[in-house]
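Single-structure report; data block below.
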Amino acid sequence: MEIQIVLYIYSFPSYLREQPRVKIGRTSGSIDTDPTELAWQRIRSQVKTSHPEEPKLLGAVTVPGEWIETTIHSQLKNKGYHISEAPGIEWFKFPNQKELQNFLDILYRSIIIDDFSEFGGGRTDIKGDSFDSIISAFGVKKLSGKEFRNESDLIKILNDELSPLYPGFPQWFDKTMKSSDSVFNVAYRDKQAIGVAIWKPKVNGIAKLSTLFVTEDYRRSGIGRNLILTCFEQWKAELIRRVFVTTAKIELVPFFERYGFWVEGIGREIYEREKHLPEWFLTKLFFYESDQNNLDTINKAKILFPSITSTFYQPKGREEISQIELKDGNIQLSAVNNSLIYQFSLHSWLNLTYPAESVYTPQTAYIIPIEPQFLIQIFQKGKTVYYGRCVHKKFDMRGGLILFYASSPISGIVAIARIVNRYIGTPNKLYNDLSNRGVLTLEEIGSEEKVQQAVEFDFLMPLRQVIHLNDLLSNGVLNGPPQTMHSLPLERYRKAVELGGIYAG
């Protein structure tokens with residue numbers, strides 16, 4: 001029977017006055033049962049005759065893991081909301097009705113957008129604002145198999161979770177750790193290993209990503225992103241031209257597609273799993289030659305999407321790509337008769353052709369000044385939005401490259417990213433639409449009257465070393481310390497990356 005985990009919140013009418021007191025607990029039951037019914041079953045078993053009033057259910061929602069309850073309890077305790085004298089450990093007192101309502105709004109917003117990063121996934125051990133702190137917040141280290149054997153807790157979790165999906169996994173895992181060719185990129189939080197990406201080079205510029213795993217409590221918090229991008233930098237250094245990965249978890253397919261992998265097939269009965277679960281095969285091609293003209297781009301499109309011969313089920317097959325066009329922020333691949341073969345967002349197309357620059361890569365890059373602690377929070381919590389003053393309103397920033405300039409005490413460029421989208425609006429609208437994906441509060445974004453912008457980014461990576469202001473000035477990257485987000489020519493971006501190098505574990 002498939003089980004769901006339900007977080008429930010209830011109280012009593014007399015407890016919900018000026019400083020409302022609520023109980024926040026967890027239960028579980030069949031996935032087919034309504035969460036509200038599971039919550040009431042649990043509440044009735046607790047209340048019985050212990051209180052003269054009927055309990056009032058404030059919320060009952062399905063959550064991705066038990067960690068949601070634990071993290072919420074921890075956050076509320078840190079705020080001083082825990083009622084230590086109450087029976088049990090799950091009662092909390094909010095200072096006013098508004099605080100309680102804000103908490104409930106955040107919870108339901110997390111459910112709606114399926115993003116619980118506001119409730120956890122961040123680090124608590126990064127307190128400084130040095131470049132080393134930024135690297136620590138990113139949290140990925142490259143280890144050998146011998147070094148990885150010391151992470152016994154993570155190894156046990158891997159064996160427990162992956163062995164049912166891959167018969168013979170423990171034997172393969174032991175052999176992989178003994179191989180000198182295997183690369184282990186390990187993600188850490190609070191000095192604990194909580195994720196790993198394992199890959200191994202094959203022949204002729206091919207590599208296999210064997211494992212990409214993040215423990216349950218830290219999923220949806222940017223860890224998978226940090227791991228895959230670290231692999232990207234290592235593959236670039238080795239001039240790998242093709243990487244393939246297989247997965248039994250269909251929910252991972254969109255994640256890999258986001259970073260330029262493409263589903264090439266589905267295998268069945270490979271591991272003799274229960275219920276005949278399939279295995280998804282994905283491949284990422286690495287292009288190193290930059291597009292010089294539209295013909296080069298069409299050739300890449302033909303490699304990525306070759307024509308397919310006709311079959312009984314698809315008499316027309318797939319026609320050969322002969323045209324490619326950027327239109328309204330989308331890349332359109334068309335046949336000679338102008339029929340549309342495929343369409344991508346600009347960001348998706350740049351991911352497919354990464355690391356080569358495309359003719360569609362904007363020639364304008366941007367530099368964003370940011371306090372080191374804000375950048376650390378972005379790495380800690382997997383945030384992907386920067387709020388700031390509205391600049392270059394007429395520019396389409398999609399696909400633009402970013403240099404993050406960490407202010408004092410670092411005073412230098414420390415990270416890069418790529419813009420997915422830009423939004424313009426009042427702080428209230430931006431915060432309501434995107435708040436969970438940025439690190440600022442509504443008050444920090446700005447007043448209601450003044451229009452601001454939110455820049456959504458991806459491919460966020462720290463540099464191998466900080467590029468200090470003096471080096472930026474002497475190499476013509478900057479004319480002075482940036483005060484606000486502003487544009488700069490793409491050539492200056494390239495020079496900065498050349499000076500700093502990209503972190504690769």
Side-chain angles (χ1 to χ4, degrees), residues 1-3 31 64-66 140-188 192-219 223-228 230-232 234-235 238 240-257 259 261-284 505:
M1 180 179 68
E2 194 172 354
I3 298 295
I31 193 71
E66 296 177 358
V140 178
K141 294 181 181 179
K142 177 183 175 183
L143 302 181
S144 66
K146 183 179 180 180
E147 292 169 322
F148 184 68
R149 282 188 185 276
N150 295 322
E151 304 299 346
S152 55
D153 290 344
L154 180 57
I155 289 173
K156 184 180 185 305
I157 295 172
L158 282 164
N159 275 318
D160 289 346
E161 290 206 23
L162 299 185
S163 292
L165 291 174
Y166 300 96
F169 177 81
Q171 293 84 350
W172 170 87
F173 199 18
D174 182 66
K175 181 180 177 181
T176 300
M177 286 188 284
K178 289 177 179 176
S179 172
S180 60
D181 292 335
S182 302
V183 177
F184 293 77
N185 293 315
V186 184
Y188 290 89
Q192 178 185 1
I194 48 83
V196 64
I198 307 170
W199 69 273
K200 191 173 184 179
K202 301 295 184 180
V203 296
N204 300 325
I206 299 173
K208 181 181 181 183
L209 177 59
S210 304
T211 303
L212 181 67
F213 180 88
V214 178
T215 57
E216 183 178 4
D217 287 0
Y218 290 92
R219 290 167 191 167
I223 304 299
R225 175 195 69 190
N226 296 355
L227 287 169
I228 195 70
T230 301
C231 292
F232 273 19
Q234 294 164 353
W235 294 331
E238 297 290 331
I240 297 295
R241 290 193 167 270
R242 180 163 67 93
V243 176
F244 66 97
V245 62
T246 70
T247 180
K249 296 186 175 183
I250 190 172
E251 62 269 22
L252 286 178
V253 171
F255 170 84
F256 286 117
E257 288 181 334
Y259 291 101
F261 285 81
W262 193 256
V263 174
E264 293 198 333
I266 303 173
R268 299 184 185 277
E269 302 296 337
I270 297 175
Y271 295 100
E272 299 182 355
R273 300 188 183 102
E274 293 183 6
K275 301 181 181 178
H276 308 285
L277 292 175
E279 186 82 0
W280 298 77
F281 289 77
L282 300 98
T283 299
K284 162 76 176 129

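As the structure is a prediction and not an experimental result, all values here were calculated from the model.
Here salt bridge (Lys or Arg N to Asp or Glu O under 4.0 Å) pairs that include residues 152-164, with residues two or more places apart or in two chains, are Lys156-Asp160, Glu161-Arg219.
Here CZ of Arg241 is found 11.5 Å from CD1 of Ile206. Values are rounded to the nearest 0.5 Å. A distance of 12.0 Å separates CG of Leu209 from CD1 of Ile240, quoted to the nearest 0.5 Å. Gln234 contributes atom CD, which lies 6.0 Å from atom CH2 of Trp199 (distance to the nearest 0.5 angstrom). Distance check, rounded to the nearest 0.5 Å: CG of Leu282 to CD of Glu264 gives 8.0 Å. Interatomic distance, CG of Asn185 versus CG of Leu212, reported as 10.0 Å (0.5 Å rounding). Rounded to the nearest 0.5 angstrom, Leu154 CG and Ile194 CD1 are separated by 8.0 Å.
Judged purely by distance below 3.5 Å, without hydrogens or angles, the side chains of Lys200 and Ser210 never pair a donor atom with an acceptor atom. With no hydrogens or angles considered, a side-chain donor-acceptor pair links Tyr188 and Glu151 at under 3.5 Å.
Between the side chain of Glu147 and the main chain of Ser144, a donor-acceptor pair closer than 3.5 Å is present. For Ser163 (side chain) and Phe169 (main-chain N/O), no donor-acceptor pair under 3.5 Å exists by modelled atom type. For the pair Ser182 (side chain) and Met177 (backbone), a donor-acceptor distance under 3.5 Å is absent.
Considering only heavy atoms from C-beta on, Tyr166 comes within 4.5 Å of Glu279 through its side chain. Residues Lys142 and Val183 are in side-chain contact: their nearest non-hydrogen atoms beyond the backbone lie under 4.5 Å apart. Side-chain contact check for Phe281 versus Thr247: every heavy-atom pair is 4.5 Å or farther apart. Between Lys284 and Phe232 there is a side-chain heavy-atom pair separated by less than 4.5 Å. At least one side-chain heavy atom of Lys208 sits under 4.5 Å from a side-chain heavy atom of Lys202. Between Leu162 and Phe173, the closest side-chain pair of non-hydrogen atoms is not below 4.5 Å. Side-chain atoms of Thr246 and Trp280, non-hydrogen and from C-beta on, never get closer than 4.5 Å to each other.
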| task | Show your reasoning for whether side chain to side chain contact (heavy atoms under 4.5 Å, CB included) applies to Lys178 and Arg149. | result | CA-CA 10 Å; Lys178 289 177 179 176; Arg149 282 188 185 276; 3.4 Å; yes

| request: Please test Phe213 against Ile223 for side chain to side chain contact (heavy atoms under 4.5 Å, CB included), starting from the C-alpha separation and ending with a verdict. | output: CA-CA 9 Å; Phe213 180 88; Ile223 304 299; over 6 Å; no

| Taking it one step at a time, do Glu257 and Val263 satisfy side chain to side chain contact (heavy atoms under 4.5 Å, CB included)? | CA-CA 8 Å; Glu257 288 181 334; Val263 174; 3.8 Å; yes

| task | Could you walk me through whether Leu227 and Val214 pass side chain to side chain contact (heavy atoms under 4.5 Å, CB included), step by step? | result | CA-CA 9 Å; Leu227 287 169; Val214 178; 4.1 Å; yes

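What you find for Ile198 and Val196 is that their closest heavy atoms are CG1-CG2, 3.7 Å. Counting all heavy atoms, side chain and backbone alike, Ala248 lies closest to Leu165 at CB-CD2, 4.4 Å.
Residues that satisfy the ring-ring contact (aromatic ring centres under 6.0 Å, His included) test with Phe255, not counting sequence neighbours, are Tyr259. Asp181 is linked by a side chain to side chain donor-acceptor pair (under 3.5 Å) to nothing, counting only residues two or more places apart in sequence or in another chain.
Ring pair Phe256/Phe261 is perpendicular by interplanar angle, where above 60° counts as perpendicular and below 30° as parallel.
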